[in-house]
Number of protein chains: 2
Amino acid sequence: MNKKRSSSTEDILGHQFGAFYKIPIEKFFQFALSVDCVILGYHENGLKLLMIERGTEPHKGKKALPGDLVYPTEDMELAADRVLKDLTGLEDVYMTQSKSYGQVDRHPIGRVVTVGYYSLISVDRYQPLASSWASNVVWVDVKELPQLSFDHNQIVDQVLTTLRERVRLQPIGFELLPKKFTLGQLQELYEAILNTTFDKANFRKKILGMNLLNDTKELQTQVSHRPAKLFSFDKDKYESLLKKGFSFEM
Amino acid sequence: MNKKRSSSTEDILGHQFGAFYKIPIEKFFQFALSVDCVILGYHENGLKLLMIERGTEPHKGKKALPGDLVYPTEDMELAADRVLKDLTGLEDVYMTQSKSYGQVDRHPIGRVVTVGYYSLISVDRYQPLASSWASNVVWVDVKELPQLSFDHNQIVDQVLTTLRERVRLQPIGFELLPKKFTLGQLQELYEAILNTTFDKANFRKKILGMNLLNDTKELQTQVSHRPAKLFSFDKDKYESLLKKGFSFEM
DNA sequence: GAATCTTTTAGTTCATTTTACCATAACAAT
DNA sequence: ATTGTTATGGTAAAATGAACTAAAAGATTC
């Protein structure tokens, strides 16, 4: 990171147009980078968002996305993983980069550009960590989002828009459910995300017709009515269908 | 930009978890930010990409995306607009942010994080600028992409994947055509982007059935056969259909 | 001006998918 | 055994999509 820098931007960066820089190249290395994580989970029939309550200014008292500065020698995906793990203890979960936000005045401390990430977690895997900041962590329903710190509302809105598009074309909904789930749960999940309703019988036919699910031969328990079968998503089946030209669509 | 910085990251940034920083906050402000633009145009039956040929090391001789460093007091969207305008003279064109790329070692000069943008331009509006670097500018067919500088292949691949998804769900294909176009041209465009073919009669029925196009009452000229009608995309119609629950799908 | 060529445009049929229901089976609880 | 609730299987109508045929329109050529 501390390589010697030439003062000729053109020679080194090779950006061959734009104004010739009238300020030394060092002046360009004044940005900080952060990551902000939109951590989504599904429970109690709703899509929920993991947020922290800020105990310090600015924006004290408001809710904010969990995030952190990226270290100068750290890859940003790693920083996002770190934030997620510190908060939830979880690793190896679905995580995707969303957009980046860099308004000049978005942060009082200086030029901080933040990269949004979103991850989908299964709440049955999530155990709130008993660390110092765990008390400030809350699940918020995406339908009841309050005003958030900084530009975090914008980040969340973008993620939700992307998610709604993506969940229709990629089999990622399963990431939000336990390994074994009923078709009813899956349907409710899609209905919550897409804010719509499906015909139960047709939903079942459609999803089973894709041949992506394994019948675990187990049944739902502790329900006061006929228990539903438990299914699991078969990633291998999906991969092999993909090669044959299959495309998921909900 | 030169506000006084506290050495307590927690107090100022309010990132309430992660390691307590063992290095001073100044050390985090070592990043530079750049934008790289994937400028897409459609001509000669193919989707083309505007690239520059690097005249300097590193990656001398290779093709690269047009891009530039973002000034410390410049919004990144503005930087992307600036790059586009300097290269093509065009303003007010379709431009969308793609992903960001920040591998620690992606640039020899230091920690440069780049934000990808893609824009769709109508080549009939494009006039190559007669400036010093214009000689290095070339259109490259997306089907014949060579090895590019830095991580630019990755950026382009990402943009093309996104575009193919997006062009099916949003009426953005029109951005790549002249204001007035024939249905044949529109079909060829979709076929080029999605790498498929459509039945001509059915394509026509589908797109006209959406009621998004205006018949300009003009005809194609300078063709040696029956000229096709010229249509234009009616954005107002689209907006009002959207409100009624219409959703574009190709 | 007639014949020819190419492409646009309209229309028809058939297969497939989607949608909306209905009926029954299965299990838990009482 | 009865009741309640949900899962599950099936069917008919409606809408959509794919494949194809044929005619019409204008430019070009002779």
Side-chain angles (χ1 to χ4, degrees), chain A residues 44-45 167-169 171 173-174 177-178 180-192 194-233 241 244-250, chain B residues 44-45 167-169 171 177-178 180-192 194-233 241 244-250:
Chain A
E44 290 162 8
N45 291 333
V167 82
R168 295 209 323 120
L169 302 175
F174 309 104
L177 293 176
K180 299 172 183 177
F181 51 84
T182 71
L183 295 186
Q185 290 169 340
L186 186 63
Q187 180 175 348
E188 281 167 21
L189 170 69
Y190 274 97
E191 290 180 341
L194 298 174
N195 199 34
T196 180
T197 58
F198 295 103
D199 177 276
K200 196 185 291 190
N202 293 335
F203 181 87
R204 146 187 305 279
K205 257 181 294 185
K206 184 165 188 173
I207 192 79
L208 287 181
M210 292 184 191
N211 258 50
L212 295 174
L213 302 186
N214 279 329
D215 186 341
T216 67
K217 305 289 178 191
E218 295 178 51
L219 296 177
Q220 205 179 16
T221 57
Q222 303 192 318
V223 289
S224 66
H225 54 76
R226 173 179 175 181
K229 284 185 192 172
L230 289 170
F231 292 90
S232 66
F233 173 62
L241 280 173
K244 294 177 194 162
F246 169 80
S247 71
F248 184 87
E249 188 163 348
M250 207 57 233
Chain B
E44 291 162 9
N45 291 333
V167 83
R168 296 209 322 121
L169 301 175
L177 293 176
K180 300 171 182 177
F181 51 86
T182 71
L183 295 185
Q185 290 169 340
L186 186 63
Q187 179 175 349
E188 281 167 20
L189 171 68
Y190 274 98
E191 290 180 340
L194 298 175
N195 200 34
T196 178
T197 59
F198 295 103
D199 177 276
K200 196 185 290 190
N202 294 334
F203 182 87
R204 145 187 306 277
K205 256 180 294 184
K206 185 165 188 174
I207 193 80
L208 287 181
M210 291 184 191
N211 257 52
L212 295 174
L213 301 187
N214 279 330
D215 185 342
T216 67
K217 307 288 181 193
E218 293 177 53
L219 296 177
Q220 206 177 17
T221 57
Q222 302 190 319
V223 289
S224 65
H225 54 76
R226 173 177 176 183
K229 284 186 191 171
L230 289 170
F231 292 89
S232 66
F233 173 63
L241 281 173
K244 293 177 193 162
F246 169 79
S247 70
F248 184 88
E249 188 163 348
M250 207 58 231

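Throughout, a chain's letter reflects where its sequence line sits, starting with A, and its residues are numbered from 1.
- From B:M250, atom CE reaches atom CD1 of B:I207 across 5.0 Å, with rounding to the nearest 0.5 Å.
- Mapping A:K206 and B:A201 onto DNA chain C by nearest heavy atom places B:A201 closer to the 5' end of the strand.
- B:F231 is not listed as a side-chain neighbour of B:N214, based on a closest heavy-atom distance of 4.5 Å or more.
- Taking only distance into account, the side chain of A:K200 never meets the base of C:dT19 through a donor-acceptor pair shorter than 3.5 Å.
- Residues A:H225 and A:L208 both approach DNA chain D. Their nearest nucleotides, taken by heavy-atom distance, put A:H225 toward the 5′ side.
- The nearest whole Å value for the distance from the CD atom in A:Q220 to the C1' atom in D:dT8 is 14 Å.
- Here D:dG26 is the nucleotide among C:dA20, D:dG26, C:dC21 with the atom lying nearest to any side-chain atom of B:L219.
- The distance from atom CG of A:L186 to atom P of D:dT8 is 13 Å, rounded to the nearest whole Å.
- When rounded to the nearest whole Å, the span between CE of B:M210 and C1' of D:dT16 equals 13 Å.
- No hydrogens or angles were tested; on distance alone, nothing pairs the side chain of A:R204 with the base of D:dA7 as donor and acceptor under 3.5 Å.
- Distance CD1 (A:I207) to P (D:dA7): 15 Å, rounded to an integer number of Å.
- Under the 6.0 Å cut-off for aromatic ring centres, A:F174 and A:F181 qualify, their centroids lying closer than that.
- Counting to the nearest Å, the P atom of C:dT8 and the CZ atom of B:F231 are 11 Å from each other.
- As rounded to whole Å, 10 Å separates atom C1' of D:dC20 from atom NZ of B:K205.
- Here the nucleotide nearest the side chain of B:A228, chosen from C:dT8, C:dC27, D:dC20, is C:dT8.
- In this structure, CD of A:Q187 is placed 13 Å from P of C:dT19, rounded to the nearest angstrom.
- With respect to the salt-bridge test (charged N to carboxylate O, under 4.0 angstrom), the residues B:E218 and B:K180 qualify.
- Of the residues near DNA chain D, B:P227 and A:K229, the one whose nearest nucleotide (by heavy atom distance) lies more toward the 5' end is A:K229.
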